[in-house]
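Below is one structure, written out as structure tokens; the observations come after it.
All residue numbers in this chain count up from 1 along the given sequence. Note: hydrogens, waters and symmetry copies are ignored here, and every other heavy atom, side chains too, is used.
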Amino acid sequence: MREGAHPGRIARYPAEETSQRAKQTHGIPFRTDPRRAGRKSTTREPIIQEREAYDPERSEGFEPEATRRDAGVTESSRANRGWWDRNADEYQIEHGTFLGDDRFVWGPEGLDEAEAGLLGPPEELKGRAVLEIGAGAAQCARWLAAQGARPVALDLSHRQLQHALRIGGSFPLVCADAGALPFADGSFDLACSAYGALPFVADPRLVLREVRRVLRPGGRFVFSVTHPIRWAFPDEPGPEGLSVSSSYFDRTPYVEQDERGRAVYVEHHRTLGDRVRDIVASGFRLVDLVEPEWPAWNTAEWGGWSPLRGNLIPGTAIFVCERD
């Protein structure tokens, strides 16, 4: 068992590491040697009490400016790592009850993997090696482990993974960029990502090709993102969010930036056609596209998602892909 890549610790893999040497950890071959980062959380409170600074030069109290402009791979990765490290506590407080500790929810509509079976029947997950990308507090990985699977939870944000430590679990946590997965070829049977990584990367094909590389032949990758049609509407849960305000075909990223013009949050838009072309060009076969309807039981609002909008326009798109 390799130091730093087992339950109770977070293994950190800098994106620039490219060594092909692989060793075994919980049955998962890793591409590179990890550098131990962080410490085991001992609190069971709603949030972690000790905070680690992510950027000593950031301005306190500054309200970021929202704009639409280009943002490349490096800028997007750096901005979103910082954003999720800063906002992980608030995110878990606000959405932790809905997400639960060990539910596998595909999006704000509340579609549950236990019912959807997009990765396959739950009873067939036992013993399968599964990579969760953009795991956050690893709720999905925890559900997979309860089915007998062997999950690995990966996230760009060290702070989010500290929440995974707080909740607990008997599976590895890895802090790494989805565009440079630190695993050997053919390491996993399945991969999944519920609103993780894909909405925030400048080059989704880089991520998709990495996922394909670490999957075994016949492996399945299922990921959910904001439904592309939502980009034409204001991000509002009420009636104001029902009128088209911009072009669906405008792929200019949404960026929040500080007073120096440095991005502190980036989200990228791809049309449905773009997503399909990205999937196919990366060597996957698209076997299903799921657009969850808003269920009657869900009365909650989540940002721009709401029962009002959910009953009229789709909010989430789930792509089910297979590697031949």
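The two residues Ser76 and His268 make their nearest non-hydrogen contact at OG-NE2, 2.9 Å. Shortest non-hydrogen contact noted between Gly107 and Thr316 is CA-OG1, 4.3 Å. For Ala71 against Pro253, the heavy-atom pair with the smallest separation is N-CG, 4.1 Å. Shown here for Leu272 and Phe319, the closest heavy-atom pair between the two residues is CD2-CZ, 3.9 Å. Between Pro204 and Arg275 the shortest heavy-atom distance is CB-NH1, 4.0 Å. Of all non-hydrogen atoms in Ala197 and Ile133, the two that sit nearest each other are CB-CG2, 3.8 Å.
The side-chain heavy atoms of His163 and Asp89, taken from C-beta on, include a pair separated by under 4.5 Å. Contact annotation: the side chain of Phe171 never approaches that of Leu144 to less than 4.5 Å [non-hydrogen atoms, C-beta and beyond]. Two residues are said to be in side-chain contact when any heavy atoms from C-beta on lie closer than 4.5 Å; Trp83 and Ser157 fail this criterion. With a 4.5 Å cut-off on side-chain heavy atoms, Leu118 and Trp106 count as touching. Counting heavy atoms from C-beta outward, Leu154 and Pro182 have side chains that approach closer than 4.5 Å. Using a 4.5 Å cut-off on side-chain heavy atoms (C-beta onward), Glu132 and Pro151 make no contact. Leu308 is not listed as a side-chain neighbour of Pro237, based on a closest heavy-atom distance of 4.5 Å or more.
Between Asp250 and Thr252, the side chains place a donor N or O and an acceptor N or O closer than 3.5 Å (distance only, hydrogens not considered). Looking only at atom types and distance, the side chain of Gln92 has no donor-acceptor partner in the side chain of Arg166 under 3.5 Å away.
Side chain of Glu256 to main chain of Pro64: no donor-acceptor pair is present (N/O by atom type, distance under 3.5 Å, no hydrogens or angles). Side-chain atoms of Arg251 come within 3.5 Å of backbone atoms of Phe249 as a donor-acceptor pair (strictly under, hydrogens ignored). The backbone N or O of Ala129 sits less than 3.5 Å from a side-chain atom of Asp189, completing a donor-acceptor pair. Panel note: side chain Glu113, backbone Leu119; a donor-acceptor pair is recorded below 3.5 Å. Side-chain N or O atoms of Arg103 include none that pairs as donor or acceptor with a backbone N or O of Ala114 at under 3.5 Å. Side-chain atoms of Arg86 come within 3.5 Å of backbone atoms of Gly82 as a donor-acceptor pair (strictly under, hydrogens ignored). Of the possible polar contacts, none joining the Arg213 side chain to the Gly186 backbone as a donor-acceptor pair under 3.5 Å is found. The closest donor-acceptor contact from the side chain of Glu210 to the backbone of Leu181 lies under 3.5 Å. Judged by distance alone, with hydrogens and angles left aside, the side-chain atoms of His269 form a donor-acceptor pair with the main-chain N or O of Tyr248 at under 3.5 Å. Counting only distance, with no hydrogens or angles, the side chain of Trp294 and the backbone of Asn298 share a donor-acceptor pair below 3.5 Å.
Note: Asp258 CG to Glu63 CD = 12.0 Å, rounded to the nearest 0.5 Å. In this structure, the separation between OG on Ser77 and CG on Asp203 is 12.5 Å, given to the nearest 0.5 Å. Rounding to the nearest 0.5 angstrom, the gap separating the CD1 atom in Ile279 from the CZ atom in Arg285 is 12.5 Å. With rounding to the nearest 0.5 angstrom, the SG atom of Cys321 is 7.0 Å from the CG atom of Leu208. Expressed to the nearest 0.5 Å, how far CG of Leu131 lies from SG of Cys192 amounts to 7.5 Å. For the atom pair CZ of Phe233 and OG of Ser245, the computed distance is 8.5 Å after rounding to the nearest 0.5 Å.
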Determine, stepwise, if the pair Phe223 / Val211 fulfils side chain to side chain contact (heavy atoms under 4.5 Å, CB included). CA-CA 11 Å; Phe223 69 92; Val211 174; over 6 Å; no
Check step by step if side chain to side chain contact (heavy atoms under 4.5 Å, CB included) holds for Leu190 and Leu125. CA-CA 9 Å; Leu190 301 165; Leu125 295 173; 3.6 Å; yes
From CA spacing to verdict: side chain to side chain contact (heavy atoms under 4.5 Å, CB included), Thr271, Arg277: CA-CA 10 Å; Thr271 68; Arg277 284 185 288 274; 4.2 Å; yes
Mind running ring-ring contact (aromatic ring centres under 6.0 Å, His included) on Tyr254 and Trp231 for me, showing each step along the way? CA-CA 10 Å; Tyr254 169 83; Trp231 279 75; 7.2 Å; no
Are Ser282 and Arg212 close enough, and set up right, to give a side chain to side chain contact (heavy atoms under 4.5 Å, CB included), and what steps lead you there? CA-CA 8 Å; Ser282 301; Arg212 184 186 184 280; 5.7 Å; no
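Taking a 6.0 Å sphere around CD of Glu293, one finds it holds 12 or fewer heavy atoms contributed by other residues, nucleotides or ligands. Few gaps surround CZ on Phe98; more than 12 heavy atoms of other groups in view lie less than 6.0 Å from it.
Geometrically, Arg81 does not engage Phe200 in a cation-pi contact, judged by NZ or CZ lying under 6.0 Å from the ring centre and within 45° of the ring axis.
Using cut-offs of 30° and 60° for the angle between ring planes, the Trp302 and His95 rings count as parallel.
Taken together through direct or relayed side-chain contacts under 4.5 Å among Ile, Leu, Val, Met, Phe, Trp and Tyr, Leu206 and Val280 form parts of separate hydrophobic clusters. Tyr195 and Leu156 sit in two unconnected hydrophobic clusters of ILVMFWY residues. Membership requires side-chain heavy atoms under 4.5 Å apart, directly or through other members. Taken together through direct or relayed side-chain contacts under 4.5 Å among Ile, Leu, Val, Met, Phe, Trp and Tyr, Val73 and Val201 form parts of separate hydrophobic clusters.
In this structure, Val266 belongs to a hydrophobic cluster whose other members, linked by side-chain heavy atoms under 4.5 Å apart, are Val255.
Using a cut-off of 4.0 Å between Lys/Arg side-chain N and Asp/Glu carboxylate O, Arg230 and Asp235 are scored as not salt-bridged. For the pair Arg78 and Glu75, the salt-bridge criterion is not met [side-chain N within less than 4.0 Å of a carboxylate O]. Remark: Asp101 does not engage Arg142 in a salt bridge, criterion side-chain N to carboxylate O under 4.0 Å.
Phe284 pairs with exactly one of Asp324, Asp278, Val320, Leu215 by the side-chain contact (heavy atoms from CB on, under 4.5 Å) rule, that one being Leu215.
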